[in-house]
Every structure is written in C-alpha cells, then in structure tokens.
Number of protein chains: 2
Amino acid sequence: MIDEQQRRAWAYLAAVAEPPNAAIVALIADVGVLEAARAVQSRSVPPLHQAVLQVTEARCATNTAAADLDAVGRIGGRLVTPDDDEWPGWQLLSLGNADTAAKGGEPTALWVRGPARLDDAVARSVGMVGSRAASAYGEHVTASISGDLVVDGWSVMSGGAYGIDGVAHRNALAGDGTTVAVLACGIDRDYPTGHARLLAEIARTGLVVSEYAPGTSAAKHRFLTRNRLVAALSRVVAVVEAGRRSGAANTAAWARKLGTPLGAVPGPVTSATSVGCHRMIADGLAQLVTDASDIVRLAEPDGESGAGAVPGVPARGGSGKRTDGMDPRQLRVYDAIPAKGAVTIGEVAFAAGLDIGAVRSGLAALEARGFVTLGGSGWMLAPRQ
Amino acid sequence: MIDEQQRRAWAYLAAVAEPPNAAIVALIADVGVLEAARAVQSRSVPPLHQAVLQVTEARCATNTAAADLDAVGRIGGRLVTPDDDEWPGWQLLSLGNADTAAKGGEPTALWVRGPARLDDAVARSVGMVGSRAASAYGEHVTASISGDLVVDGWSVMSGGAYGIDGVAHRNALAGDGTTVAVLACGIDRDYPTGHARLLAEIARTGLVVSEYAPGTSAAKHRFLTRNRLVAALSRVVAVVEAGRRSGAANTAAWARKLGTPLGAVPGPVTSATSVGCHRMIADGLAQLVTDASDIVRLAEPDGESGAGAVPGVPARGGSGKRTDGMDPRQLRVYDAIPAKGAVTIGEVAFAAGLDIGAVRSGLAALEARGFVTLGGSGWMLAPRQ
C-alpha cells in the first residue's frame, strides 16, 4: 500500500501531462514517484529525461492532486497506481512495447469509481464495441451476447456511449454482472449526459475508469486514446456493429496492434451498420463471431471452460501428467517458469523464446487452469493440489 | 464433330452405369468410345477394365441410346461429349484427380438443353447456391447479386431448386443474362414440378444440364452428385444462405475439394438460414462476400476486368476538357455511352463493367452536370452547349 504523499505524487504526475505520456512513465520508473514529482515541479530533471520538461511545461505549476483525490473520493472513486495491488499490470504491458508506446503507451495511473477491484474486473473481460447509431438488430444481438457473457462469469467492458456501448453495459447490469465503462473524460463527468444514470449504476456495482483527471472533458483525441485502453484491458474485443468508419474500427485496430483477440459480428449485407464488421472479417482482421461462446472461445482457444476453470479448480487429470492437454505454446511458457521463485513476463519471454503477447496469453491460460499464479514478486508455479 | 454412331455409343455408355463412373471413363479413354460400347454390350472387356463388368451388369442389355437422343432432340436438347468442341474440359479436369474421382469423377457426357454453348455458358459462371427454405433476406440478396452478375457479363449457375436457386435463375433471366440449371434428374424432367415454367425459360435462353439420361428421376444421391458438377463448372461458388446442414454446404465442400473459390454471404446471426454461411466463414472455409463485385473478385483476384474491357467503347477525351473533374467512376459511365444513339442502363453497366447501382448514380451525377440526358429510347450524350 502506498502512502498519501505518494498517491498525491501519482495524481500530480497523472495530470501534469496529457496522458498517456511515455516520458513521465519512464521518469517515474527511473527515479520513483516522489522524486519524479519533485523534479517536474522544480523543473530540474535528470539529463536522460529532458523530454519531460516540455510535456509538463503548461501544467507543472498547477498542482490539483489533492483536490482531484478529494473530488473522486467524494463520488466513491480512487486513483489506482502501478504501485497498487489492483493495478492490471500484465494486461497493460503490451502498451509499453516500442511499437505502441509511441502512439499511446501505458497510462500513468487510472482513476476508477466503483466497488470492483480493477484487476479482478478486467481479468476476464470482453470489450464490446460498436456504433452509436446502432440498428435494432445490433442492439438485440448486443443485449443477448452481453447477458450471456455475464452469466458465464465474464465482465463486459465498453465506452459508455450511446448505441452498442450502452446496450452492452445495461444488459450486463441486468444480468447482475460486472461491467466496466472506460471514459474519455474524468470519471466525475457524465458523458454522454443522457447516460448519467447508467454511469451511476455502473459505478454502483462495477467500475467507471479513466486515465483523465476529474473535471477533464471529453475530446476527440481522448476517444481515440481511450479506445486503446478498452483494447488493452479486454481479453477479447468484439465489434457488434460498425459503419465504414467508426470508433469501433479504431478500437479494433488497437486490439490487433496489442494482440488482443478480435471478433466481429456479421449482419445483413444490406445494413450500413454492419459494413465495418464485414470488412474486418473479409480482410482477415477479425474472426467472425455469432454469440457469446464464439467470443469466449477467442479468448480461450484451448477450450478452457472459463468461470469453472478459475484458479483453485484445475482441470488436471487424475493420474495423467500435469502438462497433459497443454498446447505447445502453453507448454513452452510453463517450462520457462522455474520450480522455485517468481519471474517477470519478460524473463518468461526470454526463457521461452516467445514474444510478450504470446507469453501474456499463455500465462493467462495457465493461470485460468490453475497451473501458475501471479504473486507480489511475479509469476510462479501454483502449488499442487 | 463426331458421327451418329459415336454419339449413340456415348449415349449408351453415359446411361449403362450410374454416372459418374470412373471405370467407364477409363475404358473409353483406353479403347475409344465405339470399342468401349461394344465391349460392354458383349461382356468382353480388356483385363485391366474388369471393374466395368460389375457396374454395367444391371443395365448392359438395355440400350436406350437412340431413344434418349431422340427424346432430348424433341425438346431442343443434345448430348455433349468430351469429343465435342463445347465440352468444358478444363473445368471438369479437377474431377479426374485421384482425390475426387473416387467420390465423384468426371461425367461420362452431359445432356444439355438450350441455345447456349456449354463451354461458353460456364466459362465465366458463378455458382449461386443456398437454402430451399430461403428467408426474405436471402431472396432479396440473391436477386440483387444475380442481377448484378449478369450485368457484369457473368452467367449464373444453380440447381433449379426452390428458394435461393430459383431466385438466382429468375433474376439472371430478368437481367437478360445467361443462366444454367444443373439438374439431379433428366433434362426432360421438370423437377421440382413447380419450376416447370422456370426451367423452360432457362432452356429458352441459357442451358439446362444433367449427366443423367432423359427419364431419370431425381434421387437423394443424385443431388449430392449434381452438386459436384455445379462446383466444378463454376469459376466461383457463392453460398447465399445455408442452414446448419444443407445441400449448399455440400456444394461448398465440393468447391473446396475441387479448388473452386468459395464465398459465403453473411446475414443476421439470429437467422437459422445464415448459420451455415457463418460457420464456413468462421472456419476459414469460405470468404465473406457481400455483393457481386466481392464474388467476382474471388474469381478474378488480379482484377481482370472481364466484360468491362469490351471492345467498341472508345476512351474518349482528347480535344475537349469536357471530362475534367469527373471522378473515375463517372468517367467510366461516361465513356460507356456511345457517341451516337441511346443505350439502356444495362448496356452502360455491361460496357463499363460496373454494377447497376453504380451506373444509376453515375448517370444521375452526369445528368445533373449536363453531360448526359435521358430520352425516349434511353440514355445518350447531351448535345454540347
């Protein structure tokens, strides 16, 4: 647990440059959060981090950290930092890759509102995205998929917008499931205003999430930046309806870039709101999915049974070898974890000779099957049952 | 050209064993058609071809060849043999592969009815297949695709059945295109009986085709055998609607086996008649297609322009700057209108290689800008101002 001074430093640094900001993240990683905040405020940063000066120039003198923390506290929110247990570190890892960091790296920290633990809420989550101008067909299909997903123990993540987003959230709530809205504005803002009650309801049982400080208003560039978070925090992204050009297509592009499995729901070829989905499928960018189980299979291609296979209930065979039924890639990841002690994803990737994305999905699959577990110091073998 | 005796030998051998029959085809290839017929009738075949005896045992004593040729002649039909110029040899070649011959090899010969040359009719043909119990959506999409295909100079091949087949044939006829019905019974049979008029209409301008002798009635196994012919004779097969198990799925399987490009049209995930299409796309067995141009692209991946490159359509321009500022599609439409006289939208579409919708909107734009005008006999160039 971090102390109040540290949390204020995080809050300051999360707001002092428009997030995401790789320079800020790098500075914190190098010198720690307290020293990073001091360095930015005093305008004296280490030589390697001079880039920080420019990106913080406009806001460095305005420290709203305490006020921001107060503001979100009053509405039941909090700031989740990489130093907190609930930080979904491994799901955000792909954002730190050289390829992606340039266009939208890791968030500095995340403002969240709601009772759910952030890491729990996103560990088994489906990003459902689609047109704001959804058709009746799209809304019907979204409702059905969203309802089925939560019954199966998945959380439903979306952007809180009108159309597909709203239907996805609403039907997750109706099924007593967890739903997560990732906003392009502060978590204290009701955007769109017509969804004020819906967002309040999401915050009552699930989570409203944003990397933007309270009071920040929605802006075009923030929607695009927000989309990458939806793609990163979802185990699989499903596009239900998308026109030729749409925000959903942008989220889909992020999913591909980050290695998040991507599904798209077909519809009538006569419907303009299915054109984007058909294009993605035809071009081989998304897998055709027709229902919740198709979508779940994308996230768990090996037929892990989902909610039934959470840690503690390993699908191990009685007499058989522990590794029976693992696919070759899972086996490589599994073999790269030492018998004793914990390792980072990077160490596993190195030892297994796999890329980070493959390791990430391999570890997730192994964790779901009870073979490995994530402790405070990294990934380790789960104790035998 | 073969003589009457040879054609009777072909007719005899085409009927003496249930086609397709690899043993008969091999015997003819080895000893010639006349000697093959003699050998079967006299029950003395070369040692290598003993298999022929068994498959011809039941029918060898019944020679209906002359009667069959008379019967089809009376309804405007004929027997097309591998020795005839119009035999579509290269399209049937894949059926002779070791893999496929066992389950349905080359036809011995083909009974056809109609004015079109068989090789011409299938050279640029799209096999359109789908459920007999088609939905209104499926029928609508089929009509639109079939109409666009014939405008683009493609023939439409199908099985003459109710549902998708019938709509495909009918809209090809409506567009003055060539359509080919491949039957699972003799070409003198009207199957299904409700399609008697449709089949007569197809035979008036296109072709009705079957490997079964006149008088042969439709049977379950013949539908499956017929499906392979549709797949072999089409340059590309498009499944518009298909339930979980359907004849269309069988034709699709044949297309894959024979290497014929295969497209499937998506539909609402809530529709039972689209389940088969979605399955094929999701499993990577068929390419998602949404319209005629998607389908044509599967057959002509390199963008051969087909009918669009028709001669007699001069690329105008030259002196005048008349065409400046036209977008490429308007230019194609404009270029397809002759210097003198009027043309129909269909003629423009054919000459320009564009679909009807594109031509309509192109003409409207050109009319609005004063380039073309609609007279009593069709579209023509507007007089220069």
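Letters A, B, ... mirror the listed sequences (proteins, then strands); counts begin at 1.
- The stretch residues 261-274 of chain A participates, sequence neighbours left out, in these side chain to side chain donor-acceptor pair (under 3.5 Å) pairs: A:Glu241-A:Thr273, A:Ser271-A:Thr273.
- In this structure, A:Ser155 and A:Arg124 have side chains that are not in contact, with every pair of non-hydrogen atoms separated by 4.5 Å or more.
- Of all residues spanning residues 251-262 of chain A, none has a heavy atom less than 4.5 Å away from chain B's heavy atoms.
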Walk me through whether B:Met128 and B:Met157 qualify under side chain to side chain contact (heavy atoms under 4.5 Å, CB included). CA-CA 6 Å; B:Met128 288 191 68; B:Met157 179 168 318; over 6 Å; no
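- Here B:Ala282 is the residue among B:Gly263, B:Ala282, B:Cys277 with the most heavy-atom pairs under 4.5 Å with chain A.
- You'll find the side chain of A:Tyr137 reaches within 4.5 Å of the side chain of A:Pro268, heavy atoms only.
- At least one cation-pi condition fails for A:Arg360 and A:Trp90: the charged atom is not both under 6.0 angstrom from the six-membered ring centre and inside a 45 degree cone around its axis.
- Residues B:Val265 and B:Thr290 are not in side-chain contact: their nearest non-hydrogen atoms beyond the backbone lie 4.5 Å or more apart.
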